[in-house]
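Below is one structure, written out as structure tokens, with a few remarks after it.
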Amino acid sequence: EYNIYNHDEL
Amino acid sequence: MNIFRLSGDVCHLIAIIILFLKIWRSKSCAGISGKSQVLFALVFTTRYLDLFTSYISAYNTVMKVVYLLLAYSTVGLIFFRFRNSYDSESDSFRVEFLLVPVAGLSFLENYAFTPLEILWTFSIYLESVAILPQLFMITKTGEAESITAHYLLFLGLYRALYLANWLWRFHTEGFYDQIAVVSGVVQTIFYCDFFYLYFTRVLRGSGKMSLP
């Protein structure tokens, strides 16, 4: 499940 | 990482570089909204605080630093080095009408009520409206140099490509970042009118893009 808090996008 | 996101980041970088070089080489920021550039610098500042808290990849870190450096350099050119060419008369958009709602919404609608997360949310909402002072200035002056139009084209393309990236990530990994997607759609919609003008006028080689 993608952890929404570590925003990996710029 | 996927091709949509990578090309989106490349478009974003191209846009920022086009603008910086335009101001630097023409030694003038005529027709450029300083307010939009300040808002973009604020977007990057509030979004990239995680530079100090989490490491994602060398690419991610390098791009964030490059965006921040170019954004603040551009603001510096507009408000300091070439401030006598800054057309503050035409750059009259009331940014408080953007900042207050965006700040309020980021406290109401976010993923977590933590400082970093609220600042990230603020930056996402702010980015979707940050170009409005620039678009407003162009409608007010009634024209834009074609280099400014190219800048706006790449800036608009970047988030449109991110929409494709989010579709792709939803389809391949079930990723869905609602705040970013909804804001990205709003942001891209603001460019639609400009895209139409760009492809019907600027590409006709009329040099300047004059609005109807």
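Keep in mind the model is a prediction, meaning the values are calculated, not measured. Letters A, B, ... mirror the listed sequences (proteins, then strands); counts begin at 1.
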Interface moiety of B:N60 toward chain A, non-hydrogen atoms closer than 4.5 Å: both
Where A:E9 and B:N165 come nearest, the two heavy atoms and their spacing: OE2-ND2, 2.9 Å
Heavy-atom proximity to chain A below 4.5 Å, by part of B:Y48: side chain
More than 12 heavy atoms of other groups within 6.0 Å of B:Y55 OH: yes
More than 12 heavy atoms from other groups under 6.0 Å of OH on B:Y59: yes
Nearest heavy atoms of A:L10 and B:Y162, plus distance in Å: N-OH, 3.5 Å
Heavy-atom neighbours of B:F170 CZ exceed 12 at 6.0 Å: no
Where A:D8 and B:I56 come nearest, the two heavy atoms and their spacing: CA-CD1, 3.6 Å
